[in-house]
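For reference, the structure discussed in these notes is given below.
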Amino acid sequence: MAENMNGSKRFKLDKSDRTAVAWRSTFIQGSWNYERMQNGGWCYAMIPAIKKLYPDKRDRIQALKRHLEFFNTHPYVASPILGVTLALEEERANGAAVDDVAIQGVKIGMMGPLAGIGDPVFWFTVRPILGALGASLAMSGNILGPIIFFVAWNLIRWGFMVWTQEFGYSAGSRITDDLSGGILKDITEGASILGMFVIAALVQRWVSINFRPRVAEIQLSEGAYIDWANLPEGAAGIRQAIEQSASGMAMDPTRITTLQDNLDQLIPGLAALLLTLFCMWLLKRKVSPIVIILGLFVFGILGYVIGLF
């Protein structure tokens, strides 16, 4: 702790405090759950900072509750969010007008966009490159293959996490320099809007509903479908079938139109969007996420049994 000009104590997170948070953040998925995702690991990472910033037990309890709210992002890109949050908590501990809504808003607003960066950078770029390098050495009998992969991967991962946490901490301090000017509010709103945009764009990709009921069955005339019985044998028949399919001929003599086909012609992904909005409405009504998940399981199984899905 340092002293302000008026002699009062000022709380300050030093390098060792921030390093302790960074080490603990490697276990951010250690208590992952379906209701609040990574909240347990996030709160565990914040404990060294909370102990330093809040000597009073009641303040510590409130801080722990504050950081046990929902949180979920790529485990490595959580570091810059941790850095910004550390800066906000430090300013709050020193009397700045940073409330729970502001801290949670920054966390939620940043975790969505950053999650979309973590997967392509780490899972789909860095790890495959290092894995290919290590595997090529291992296949030739070189023991350095797995060693290089393990060491290089962890150096890159840890270096990124430490650097981005420090960057977030520095940026967070600058953000809180002018709370009265609305900078924090603008950044929170902007990050929230961007996060909601990313989430909305992912609905079509990750939420899938397929209604199986048949609406119509049309018998096609000869020449409109592939006559499998009269195709030449061997490679010639396969080639002819591919050419006929490419020309627009149907695979079967009966064209079946399902309810899903009609919905896709109307608005593709409409059912998935409506289901997502319904789940959001339930969450706003304080329905437990666990209850929603179990309800979706039951609804999906019953729908499959009766032939709806």
Side-chain angles (χ1 to χ4, degrees), residues 11 13 18 21 24-25 28-29 31-54 58-75 77-118 164-165 167-169 171-200 279-290 292:
F11 298 99
L13 295 173
R18 302 195 299 273
V21 172
R24 283 171 170 252
S25 70
I28 195 169
Q29 297 197 114
S31 62
W32 194 94
N33 60 89
Y34 279 107
E35 184 170 2
R36 299 190 181 183
M37 305 297 180
Q38 299 166 338
N39 69 320
W42 172 277
C43 187
Y44 173 76
M46 289 292 298
I47 287 176
I50 292 174
K51 288 183 176 180
K52 179 70 172 291
L53 296 174
Y54 301 106
R58 289 173 297 179
D59 292 336
R60 289 183 180 180
I61 292 173
Q62 291 301 317
L64 291 172
K65 290 181 177 179
R66 180 163 60 247
H67 291 292
L68 281 173
E69 294 296 328
F70 175 88
F71 183 82
N72 187 47
T73 191
H74 189 282
V77 300
S79 297
I81 310 176
L82 272 171
V84 173
T85 305
L86 289 175
L88 295 177
E89 287 287 357
E90 185 179 273
E91 293 296 324
R92 175 176 176 138
N94 288 293
V98 181
D99 58 12
D100 294 358
V101 175
I103 295 175
Q104 190 66 8
V106 169
K107 288 166 54 180
I108 294 176
M110 293 179 67
M111 70 185 185
L114 288 178
I117 298 174
T164 54
Q165 180 177 299
F167 175 81
Y169 176 75
S173 298
R174 293 195 298 270
I175 289 170
T176 57
D177 284 343
D178 186 16
L179 293 172
S180 60
I183 295 177
L184 180 59
K185 179 181 178 182
D186 293 341
I187 292 178
T188 301
E189 290 181 354
S192 299
I193 292 172
L194 180 59
M196 292 302 296
F197 177 81
V198 173
I199 293 173
C279 291
M280 293 177 63
W281 178 79
L282 291 177
L283 290 172
K284 291 185 66 176
R285 302 283 293 183
K286 307 300 183 181
V287 178
S288 170
I290 300 298
I292 296 175

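The shortest heavy-atom contact between S31 and G41 is OG-N, 3.4 Å. Heavy-atom minimum distance, V77 versus G118: CG1-CA, 3.9 Å. Of all heavy-atom pairs between L283 and P289, the closest is CD2-CG, 3.9 Å.
For the atom pair CD1 of I103 and CD of E89, the computed distance is 4.0 Å after rounding to the nearest 0.5 Å. To the nearest 0.5 angstrom, I292 atom CD1 is 4.5 Å from L282 atom CG. The CD1 atom of I28 sits 11.0 Å away from atom NE2 of H74, with the distance rounded to the nearest 0.5 Å. Here N72 contributes atom CG and N33 contributes atom CG; the two are 9.5 Å apart, rounded to the nearest 0.5 Å. The CD atom of Q165 sits 5.5 Å away from the CG atom of L82 when rounded to the nearest 0.5 Å. To the nearest 0.5 angstrom, F71 atom CZ is 8.5 Å from M110 atom CE.
Within the 4.5 Å cutoff, the side chain of M46 has heavy atoms near those of the L86 side chain.
Judged by distance alone, the side chain of E35 and the main-chain N or O of S288 form no donor-acceptor pair under 3.5 Å.
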Checklist entry - How far apart are the C-alpha atoms of D100 and R92, what are their side-chain angles, what is the distance that settles it, and do they pass the side-chain contact (heavy atoms from CB on, under 4.5 Å) test? => result CA-CA 10 Å; D100 294 358; R92 175 176 176 138; 2.6 Å; yes

Next on the checklist: Does F70 form a side-chain contact (heavy atoms from CB on, under 4.5 Å) with M37? I'd like the steps, not just the answer.
Outcome noted: CA-CA 6 Å; F70 175 88; M37 305 297 180; 3.2 Å; yes

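Annotation: cation-pi geometry not satisfied between R60 and Y54 (NZ/CZ under 6.0 angstrom from ring centroid, within 45° of ring axis).
Salt bridge absent: D59 and R66 never bring a charged side-chain N and a carboxylate O closer than 4.0 Å.
For the side chain to side chain contact (heavy atoms under 4.5 Å, CB included) with W42, the qualifying choice from R36, H67, R24 is H67, the only one to do so.
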